[in-house]
Structure formats: structure tokens, C-alpha cells
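Here the structure is laid out as C-alpha cells; the discussion comes afterwards.
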Amino acid sequence: MRSKTFRTWLTHLQTTGRLATIDKNVSLEYEVAAIAKKLDGKKATYFTSVEDYEIPVVSGICSTREDFAEALETDQYNVITKFTEAVSAPEACLLVNEKEAPVKENIILENIDLMKMFPIPVHHEKDSGNYITAGLFIVRDPVTRKQNVSIHRLQISGKNKIGALILPRHTFHLYKQAEEAGRPLECAIAIGVDPVTLLASQASTPFGVDELEISSALRGEPLEVVRCKTVDIDVPAYAEIVLEGKILPHVREPEGPFGEFPKYYGPRSDKEVIEITAVTHRNNPIFYTIVPAGYEHLLLGGIPREASLFQSIRQTVPSVTAVHMSPGGTCRYHAIVSIKKRNEGEAKNAILAALANSFDIKHVVVTDEEVDIFNMEEVEWAIATRFQADRDLVVVHEAQSSKLDPSSRDGVGSKMGLDCTVPLNSEPMQYLRVQIPGYNECNLDEYVNRDKSIQSVHLEEDRHL
């Protein structure tokens, strides 16, 4: 399995020409992010010389849909199916002892100074400091013993202190329970895990589902995990780095601003504080960072959302064939839906189901199944030729929206759906797409001679000009 660990995946990227090695000494302040952003969607970046650190930095390990599909050992059209099946049938992880876990090769319990230990970048001009952006944040429900895995923006705010933006979801629920009881919530931050586990961490699941078990299902074999040293948390045994700690009760400190997925800054405010109690890492660890708002960040959030969206729409419109959260819509705000329409009105039902799936979704386009919803030129063509605002537009006012959308009014705004499906009673030729027979089978290499210059009697006449 080429994506078994973070390192086996890097090796695979290198052998397939998709890993750019940067040997020039680079700064943690903006330069790492700038170079990784330049190669975004093209190659992963491996920085061998970062300021005064001996530890290398990697970014962009999966920045295309094809990358994620390859890690899942499928194609991009079956990613959602495979992911949905794994979410519905998680499989247990395999708990191993410390001697079998590479992440326990080095254990630090004293004199923890995160910025001296690891090359943690500053990504954007107005970011409030150095941020961990690719750490799997793992907590455990003390009642059910099930873990919850998520990714949060994590600001280094002291030698062993981290400020965290924890949105009101599963981790926040467990933290509030602990805080109300006057105790901290134990946590662990795993940095540098395989891309399958990284993707699994973003699954939209009911409360009580362990995303590491979704990783096991996606891999087709148990994910190896190991118990932390100072907290009751199991982490991926082959992670590069693990930070163990606890979210302190009744403590809030300033965090932010920070450049977020909409390509705007999330504001500064008082946030929860994590105290780090131990650090473990592999020999010669590699630090992994995700450049916010890059393709890796957007797809990592978008693909699991597509799986959830597909399931939601299928409850209302069983003939849905595909969904796509487009990068132009930050993989959060724009949903493109393909259906095999059997009844008039189904497209509008699909619009309503999509809007109900997530408050993040702002605009929905529904097309017929022959439109390639992963090709935005095709989607725009469907809007241009199959949509009329007086009959095909759905608008919902004063709905809950994303607070990170600067055009909303503190998370309240309007939403829109566009029915771009062909009317079932249209004339046969009215919406018939033009086609050139044999186009798909035409192989240009059989016709174009790329090695010879143009030689034609028709061009000889003007050679003297």
C-alpha cells in the first residue's frame, strides 16, 4: 500500500516525479508557504533546509483529486463511493506497544519548547504567529471510550502552549462537558500521517464515530495505533510527531487573525488554550504543514463534504448521480449536483436538500447527468443555456451561513439554487448537444507529425516576403 505511512507516500510521490526537493535555505516566515503555494496542484514540496532547523518541512502531499484517489487506490469518480462505504462501516484499529511504534522512538517529557523543537511556519502576512495547520486533533469520550478526530488551526502561543479555534462540533461538545465538570480535556495532536488517515479525519459523521476507524476501513486493514505517554489517547503509530496535552478549563487567550479557507482572515478573539505535556516523534522526523486555502486544504475539506452531501440528496432525490464541491467555491460554499431527472421539480428538491445539508453551502447548481460537473466550463455552459431566472431560480433569505464568509451578516445570509436541467417535455432537437462522430476515438498522435517543420507548396509562395 503506497499510502501506508507518511513516508511511503512521500517515496511514491518522489518515484513518480511529483515531489519537488528544495535544498535552498528558506525562511519559516512566508517563504515556505510562498514556494509551496507556487507548486500547489502540481507537486508536493520537500524543504531540506529551513532556517536553523535540521528537521525538513513537507507540504502539498495531496493537492489534486487524482492524488487522493490514488492514495485510496481507486479513481476520482469512485472516491465518494469508497469514502461513503468506509464511513458507514468503520473497522477497529490495531493497538500496538511502544516498541512497535516509530512515533515513540523519541519521548520528551521536560523542557518542551515547540518553536525550538519544530519548524512551524508563518503562512500569511497578517497571521498572528506560527501555526500548526496539519495536525490531527484527537480527543476521547470518557463515557463511550470512542475518540474523535478533527483538524483545527493551532497557534503557538508559548513554549508549551497552543491557542486553538475549536468550532461547536464534536470536540467542542466533549470539551464543554469536561469544562463544566471543572477538569481539562486530554488531547493529542498527530502531525505527519498517511493521506488516507488525513482524509478520514474530515469525515462528517454522527457523534461517537472514531475517524481513525474510518481510516482502517479505507485502508482495508487495521490502522496501527499506540497509547500516548501522558494522556489516555491512541494515535497513529507511524505519525511523524505527536504532541500530547490537555485543553485547560475556563482559560481563554487571544488567538488570530489567521488566513482561512475562504482566502480571507479569521478574526482575532479569545480562544481555548492547550498545555502540552509531552512530545514524541520518529527518528529524523519530518514536519508537515498545509498551506491554508491551497488545493490540499480545500480538497481535504471538500471530498468528505461531498460524501455527506451525496447521502443527504439521495434521501430526497434517489436519482442523484454525482456531487462536487468546487475549488472556486472554496470546496465549502458551492455545490454542483448531477441528477438523472425523471420528474419535474426534482432539481429544486435537490437544491433544497443540498442547502439543508450544511450551513456552509451558499450556491447550488443542479445539472443533468451528461454534464461533467468536475469541468467548470461545462457547468457554466449548462447555466448559460439551460437556466432562466424567472422559473429556475430558488432563493432563500436570512439563512444560517458561514461566519467566515465576509459577505454574510455575522453568519446570516441568502442562499441560491439554479435548476439547470432540461425540461422533460422539451422538443427532441431543442437541447440536443452537437457531436462530431469519431471525436472521442480520434488519436491525434496518428495524425500530427510533431517532429517535422511545415512543408507545403501553399507556403512556398510567401517565403520571399
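- T45 pairs by the side chain to side chain donor-acceptor pair (under 3.5 Å) definition with nothing, not counting sequence neighbours.
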Derivation of the side chain to side chain contact (heavy atoms under 4.5 Å, CB included) call for I156 and I162 = CA-CA 5 Å; I156 307 303; I162 292 175; 4.0 Å; yes

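- With rounding to the nearest 0.5 Å, the separation of OG1 in T205 from CD1 in I214 is 5.5 Å.
- Side-chain N or O atoms of S338 include none that pairs as donor or acceptor with a backbone N or O of T321 at under 3.5 Å.
- Between G256 and S128 the shortest heavy-atom distance is O-CB, 3.1 Å.
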Between I80 and I303, does a side chain to side chain contact (heavy atoms under 4.5 Å, CB included) hold up when you go through it step by step?
-> CA-CA 7 Å; I80 299 306; I303 291 172; 4.1 Å; yes

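- Annotation for S204 and V87: closest pair O-CG1, 4.4 Å, computed over non-hydrogen atoms.
- The local environment of OH in Y333 is crowded, with over 12 non-hydrogen atoms from other residues, nucleotides or ligands closer than 6.0 Å.
- A salt bridge between R219 and E91 is absent, with no side-chain N of the basic residue lying under 4.0 Å from a carboxylate O of the acidic one.
- Annotation: side-chain hydrogen bond (donor to acceptor under 3.5 Å, both in side chains) contacts involving residues 243-256, sequence neighbours excluded, comprise Y131-E255, R153-E255, K161-E253, Y175-R252, E179-R252, T230-E244, R252-E272, E255-K271.
- For T133 (side chain) and T289 (main-chain N/O), no donor-acceptor pair under 3.5 Å exists by modelled atom type.
- With contacts defined as side-chain heavy-atom distances shorter than 4.5 Å, the pair L28/V122 does not qualify.
- Contact annotation: the side chain of P249 approaches that of P184 to within less than 4.5 Å [non-hydrogen atoms, C-beta and beyond].
- Qualifying ring-ring contact (aromatic ring centres under 6.0 Å, His included) partners for F207, counting only residues two or more places apart in sequence or in other chains: H170, H173.
- Between the side chains of E306 and H324, at least one donor N or O lies within less than 3.5 Å of an accepting N or O.
- Between the side chains of T171 and N148, a donor-acceptor pair is found at a separation under 3.5 Å.
- Residues satisfying the ring-ring contact (aromatic ring centres under 6.0 Å, His included) test with H123, not counting sequence neighbours, are none.
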Can you give each donor-acceptor pair under 3.5 Å made by side-chain atoms of residues 111-121, sequence neighbours left out, with the distance rounded to 0.1 Å?
none

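- Across all their heavy atoms, E378 and V371 have their closest contact at OE1-CA, 3.7 Å.
- Nearest heavy atom pair, residue S201 against residue L136, reads CB-CG, 3.9 Å.
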Go through the steps to decide whether I361 and L309 satisfy the test side chain to side chain contact (heavy atoms under 4.5 Å, CB included), and finish with yes or no.
-> CA-CA 10 Å; I361 296 177; L309 179 62; 3.9 Å; yes

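- A salt bridge does not link E73 with K82: every distance from a Lys NZ or Arg NE/NH1/NH2 to an Asp or Glu carboxylate oxygen is 4.0 Å or more.
- Judged purely by atom type and a 3.5 angstrom limit, E105 uses its side chain to pair as donor or acceptor with the backbone of N283.
- I55 is not listed as a side-chain neighbour of H281, based on a closest heavy-atom distance of 4.5 Å or more.
- Rounded to the nearest 0.5 angstrom, L212 CG and D234 CG are separated by 8.0 Å.
- Under the salt bridge (Lys or Arg N to Asp or Glu O under 4.0 Å) criterion, K415 pairs with no residue at all, not counting sequence neighbours.
- Atom CG in L248 sits 5.5 Å away from atom CD in E275 (nearest 0.5 Å).
- A distance-only check finds no donor-acceptor pair linking the side chain of W9 to the backbone of P195 [under 3.5 Å].
- Geometrically, R332 engages F261 in a cation-pi contact, judged by NZ or CZ lying under 6.0 Å from the ring centre and within 45° of the ring axis.
- With hydrogens and angles disregarded, no donor-acceptor distance shorter than 3.5 Å links the side chain of S49 to the backbone of K24.
- Taking 4.5 Å as the limit, every side-chain heavy atom of V26 sits out of range of all side-chain heavy atoms of V57.
- Here the side chains of R7 and I286 are in contact, with some heavy-atom distance below 4.5 Å.
- No more than 12 heavy atoms of other residues, nucleotides or ligands lie within 6.0 Å of CG in N284, so this atom counts as exposed by the packing criterion.
- S59 meets the side chain to side chain donor-acceptor pair (under 3.5 Å) test with no other residue; sequence neighbours excluded.
- The heavy-atom pair separating L355 from V364 by the smallest distance is CD2-CG2, 3.7 Å.
- At least one donor-acceptor pair under 3.5 Å links the side chain of S216 to the backbone N or O of L223.
- Looking at heavy atoms from C-beta onward, C62 lies out of side-chain contact with L198 at the 4.5 angstrom threshold.
- Residues forming a side chain to side chain donor-acceptor pair (under 3.5 Å) with E51 (at least two apart in sequence, or on another chain): S27.
- Counting heavy atoms of neighbouring residues, nucleotides and ligands inside a 6.0 Å radius, atom CD of E66 exceeds 12 of them.
- With R386 contributing its side chain and A382 its backbone, the two residues share no donor-acceptor pair below 3.5 Å.
- With D405 as the fixed residue, the side-chain hydrogen bond (donor to acceptor under 3.5 Å, both in side chains) test singles out one of S407, S401, S402: S407.
- Side-chain contact of T48 with D23: a donor-acceptor pair under 3.5 Å is present, judged by distance alone.
- A salt bridge links D232 and R145; the closest N-O separation between the charged side-chain nitrogens and carboxylate oxygens is under 4.0 Å.
- Counting only N and O atoms by type, the side chains of T16 and R18 include a donor and acceptor under 3.5 Å apart.
- Taking CE from M325 and OG from S358, the interatomic distance works out to 6.5 Å, rounded to the nearest 0.5 Å.
- With sequence neighbours left out, the salt bridge (Lys or Arg N to Asp or Glu O under 4.0 Å) criterion links D419 to K348.
- Scanning for side chain to side chain donor-acceptor pair (under 3.5 Å) contacts around N78 gives D75, with sequence neighbours left out.
- Annotation for F374: atom CZ counts as buried by contact number, over 12 foreign heavy atoms lying within 6.0 Å.
- Here the straight-line distance linking atom NE2 of H363 with atom CE of M416 works out to 4.0 Å at 0.5 Å rounding.
- Of the possible polar contacts, none joining the K4 side chain to the D194 backbone as a donor-acceptor pair under 3.5 Å is found.
- Taking the side-chain contact (heavy atoms from CB on, under 4.5 Å) definition, one finds that H124 meets it with D127, Y265, P292, sequence neighbours left out.
- Between Y295 and P327, the closest heavy-atom pair is CE2-CB, 4.1 Å.
- Side-chain N or O atoms of Q147 include none that pairs as donor or acceptor with a backbone N or O of D210 at under 3.5 Å.
- Legend: ring-ring contact (aromatic ring centres under 6.0 Å, His included) pairs involving residues 51-95, not counting sequence neighbours: none detected.
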Passes side chain to side chain contact (heavy atoms under 4.5 Å, CB included), E186 versus R140? Steps please.
-> CA-CA 7 Å; E186 293 184 341; R140 189 189 294 279; over 6 Å; no

